[in-house]
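Below: one structure, written as structure tokens.
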Amino acid sequence: DAAGVRRTVCLAATLGGAHGEHRCFPLHVHKCRHSLSAGDTLESVAVQYKADWLQLHHANPNLPSLNPDKTHHGLLVRLGVTYTVRPGEDLPHIAQKFLVEPTHLGFVNPELVAPTQVLYSPGTAGDVTQLDLVIALRRRVMAGENISVPLHAVDGAPWSGSVTEQCTPGPSTLPPSYCPAAPTLQRAALPPGCCSESTPQPLSRCGAGGWGECRYDTDGVMACHALQCQEPPHPFVAKATWTGPRRELRVTVGQTIDAGQEIRLSVPRSAALRLSPSLPPLP
């Protein structure tokens, strides 16, 4: 079985300060396998991997006995089947095929789970927020692959767009947007984030996520000028997609990234993602 993780472990030993020995040993940790220790049973191993002993029993037809308690030290137990991911698949799709939760796949495949830090700006529940993420990769990620980041604290309609490594709001590079051409509309009836002559003052917030400023255009008409990130597009990320009801940010990689690297990216407030109103204020 070629699947798994290969490592080299080196040991050094000395006796009384004299010159010692230094030896290295290659190790191959098999994928989806568990070597039983003294006292292990199928039930105890199943508990360790959040499974059921019947699953392990069916996955190991060559067990020495039909009795799940009759095992021996050093027996290699298969924890499940191996699956080759197809283009376009991610953990939720695969989990659905095997009738398990995505979190379970991440638990038994720790190399697929990248520790992620998220900073919300602002961090007040109910507010539209900018997301600043740091994703630490445990394996090499190829161009075209997706990294799924569950964000259960975030609400928002589906969105897809480009991201930057960091985001500092700057002058608009988009055409300004205007209120509907209906002179009878009162301020209270204007669409949310709309600018008009009745706007209390220039520089009021407007647009998607309140990430724009009400300013006069070159013709002297009040309009909403959307702010954009001043930084260039992300060098490694092709786009980010917010899946809406699934509360998941899908990061599509544009260039291969090696294991051990960190991906830093910012999702701007123009994505109109907000912290769930049911959450307490976040730091």
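For the single chain, residues carry numbers from 1 onward in sequence order.
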Task: Side-chain donor or acceptor of T116 paired with backbone N/O of A114 under 3.5 Å - done: yes
- [ ] State which residues pass salt bridge (Lys or Arg N to Asp or Glu O under 4.0 Å) with E262; sequence neighbours excluded, sorted by chain then number.
- [x] R264
Open item on the list: Using only atom types and a distance under 3.5 Å, with no angle test, would you say the side chain of S37 pairs donor to acceptor with the backbone of D40?
Closed with: no
- [ ] Using a strict cut-off of less than 4.0 Å between a Lys/Arg side-chain nitrogen and an Asp/Glu carboxylate oxygen, indicate whether R250 and E145 qualify as a salt bridge.
- [x] no
Task: Greater than 12 external heavy atoms within 6.0 Å of E101's CD - done: no
- [ ] Grab the two heavy atoms, one from I94 and one from V85, that are nearest each other, plus how far apart they are.
- [x] CD1-CG2, 3.7 Å
Open item on the list: So which atom in Y83 and which in K97 form the shortest heavy-atom distance, rounded to 0.1 Å?
Closed with: OH-NZ, 2.8 Å
- [ ] Would you please test R140 and T256 for side chain to side chain contact (heavy atoms under 4.5 Å, CB included) and show each step?
- [x] CA-CA 7 Å; R140 194 180 198 194; T256 299; 3.4 Å; yes
Task: side chain to side chain contact (heavy atoms under 4.5 Å, CB included) against V253, all qualifying residues, sequence neighbours excluded - done: V141, I147, I257
- [ ] Find the distance between CZ (F236) and CG (L265) and round it off to the nearest 0.5 Å.
- [x] 12.5 Å
- [ ] Can you spot which of V267, V237, I263 makes a side-chain contact (heavy atoms from CB on, under 4.5 Å) with V251?
- [x] V237
Open item on the list: Are more than 12 heavy atoms, taken from residues, nucleotides or ligands other than H73, located less than 6.0 Å from that residue's NE2 atom?
Closed with: no
Open item on the list: Can you tell me how far apart CG (L42) and NE2 (H34) are? Round to the nearest 0.5 Å.
Closed with: 10.0 Å
Open item on the list: Between R274 and D155 (salt bridge meaning N to carboxylate O under 4.0 Å), is one present in this structure?
Closed with: no
Task: Distance SG-SG for C10, C24 less than 2.5 Å - done: yes
Open item on the list: Using only atom types and a distance under 3.5 Å, with no angle test, would you say the side chain of Q255 pairs donor to acceptor with the backbone of P235?
Closed with: yes
Task: Distance, nearest 0.5 Å, that separates CD1 of I135 from CG of L249 - done: 7.5 Å
Indicate every side-chain donor-acceptor pair of residues 157-169 with a distance under 3.5 Å to a residue at least two apart or in another chain.
unit_1: S160; atom_1: OG; unit_2: T241; atom_2: OG1; d: 3.2
unit_1: T164; atom_1: OG1; unit_2: Q166; atom_2: O; d: 2.6
unit_1: T168; atom_1: OG1; unit_2: E231; atom_2: OE2; d: 2.9

Open item on the list: Show the nearest heavy-atom pair for residues P268 and Q130, with the distance to one decimal.
Closed with: CA-CG, 4.4 Å
Task: Separation of L75 CG from N60 CG (nearest 0.5 Å) - done: 7.5 Å
Open item on the list: Can you confirm whether L131 sits close enough to S266 that some side-chain heavy atom of one is under 4.5 Å from a side-chain heavy atom of the other?
Closed with: no
Task: Nearest-0.5 Å distance that lies between atom CG in L79 and atom CZ in R33 - done: 8.0 Å
Task: Approximate separation, where rounding is to 0.5 Å, of L151 CG and T243 OG1 - done: 9.0 Å
TODO: Start with the C-alpha distance between V154 and W242, add both sets of side-chain angles, then the distance that settles side chain to side chain contact (heavy atoms under 4.5 Å, CB included), and finish with yes or no.
DONE: CA-CA 10 Å; V154 177; W242 174 251; 3.8 Å; yes
Open item on the list: Is there a side chain to side chain contact (heavy atoms under 4.5 Å, CB included) between L119 and L133? Walk through the geometry before answering.
Closed with: CA-CA 6 Å; L119 176 65; L133 299 92; over 6 Å; no
TODO: Please say whether more than 12 non-hydrogen atoms of neighbouring residues, nucleotides or ligands are located less than 6.0 Å from CD in Q261.
DONE: yes
Open item on the list: Please give me the minimum heavy-atom distance between H22 and A12, naming the atom from each residue.
Closed with: CD2-CB, 3.9 Å
TODO: Let me see the working for V221 and Y216 under side chain to side chain contact (heavy atoms under 4.5 Å, CB included), right down to the final yes or no.
DONE: CA-CA 5 Å; V221 178; Y216 290 102; 5.9 Å; no
